[in-house]
Trainee: 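To start, I am sharing the structure in question, which I have written as structure tokens.
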Amino acid sequence: MEIKAVVDRIENGYAILKSEDYEMEICIPADDSDNRYFEGENITLLLNGNVENNG
């Protein structure tokens, strides 16, 4: 799944992302060893997961 979002704000060391496609906020660390995010920055998140049948 691909989510295009913008960094809405930085709070307590986390970048708060908003996406036009999804009505939710996403929190990611604002500054880690690989990335540093800034307010207004456009980013794309790629989410991969395993599908399990627990039924």
Side-chain angles (χ1 to χ4, degrees):
M1 171 190 272
E2 181 179 280
I3 299 175
K4 293 183 187 247
V6 65
V7 178
D8 182 59
R9 63 191 183 278
I10 305 294
E11 284 184 0
N12 300 320
Y14 288 90
I16 311 301
L17 311 178
K18 286 194 175 183
S19 173
E20 290 182 12
D21 298 332
Y22 302 94
E23 293 183 18
M24 65 178 159
E25 291 185 341
I26 301 166
C27 259
I28 59 174
D31 187 9
D32 62 27
S33 60
D34 295 326
N35 298 302
R36 174 177 261 167
Y37 298 101
F38 300 97
E39 190 173 323
E41 183 176 6
N42 292 305
I43 64 170
T44 300
L45 298 174
L46 297 174
L47 305 176
N48 294 317
N50 296 329
V51 176
E52 293 183 17
N53 185 353
N54 294 323

Trainee: Flag yes if more than 12 heavy atoms outside Arg36 fall under 6.0 Å of its CZ atom; otherwise flag no.
Mentor: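 No.
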Trainee: With a 4.5 Å heavy-atom cut-off, do Leu17 and Leu45 have their side chains touching?
Mentor: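 In short, these two side chains touch, coming nearer than 4.5 Å.
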Trainee: Could you report the tightest heavy-atom contact between Asp8 and Glu39, atom names first, then the distance?
Mentor: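 Where Asp8 meets Glu39 most closely, the heavy atoms are O-CG, 3.4 Å.
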Trainee: Within a strict 4.5 Å, meaning less than it, do heavy atoms of the Ile43 and Ile28 side chains meet?
Mentor: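 A side-chain contact exists here, since the closest heavy-atom pair is under 4.5 Å.
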Trainee: Would Val7 and Leu47 show up in the same hydrophobic cluster when neighbours are defined by side-chain heavy atoms closer than 4.5 Å?
Mentor: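 Yes: a chain of side-chain contacts under 4.5 Å links Val7 to Leu47.
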Trainee: With a 4.0 Å cut-off, would you call Glu25 and Lys18 a salt bridge?
Mentor: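 Lys18 and Glu25: salt-bridged.
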Trainee: Supply the atom-to-atom distance Lys4 NZ to Asp21 CG, rounded to the nearest 0.5 angstrom.
Mentor: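 Nearest 0.5 Å value for the NZ-CG distance: 9.0 Å.
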Trainee: CD of Glu23: more than 12 outside heavy atoms within 6.0 angstrom?
Mentor: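 It does not: Glu23 CD has 12 such atoms or fewer within range.
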Trainee: So which atom in Tyr22 and which in Met1 form the shortest heavy-atom distance, rounded to 0.1 Å?
Mentor: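 Minimum heavy-atom contact is OH-CE, 3.9 Å.
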Trainee: Any chain of hydrophobic side-chain contacts (each under 4.5 Å) joining Ile16 to Met24?
Mentor: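 They do not share one cluster, since no chain of ILVMFWY contacts under 4.5 Å joins Ile16 to Met24.
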Trainee: Given the rule that I, L, V, M, F, W and Y join up when any side-chain heavy atoms are under 4.5 Å apart, are Tyr37 and Tyr14 in one cluster?
Mentor: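 Cluster IDs for Tyr37 and Tyr14 differ.
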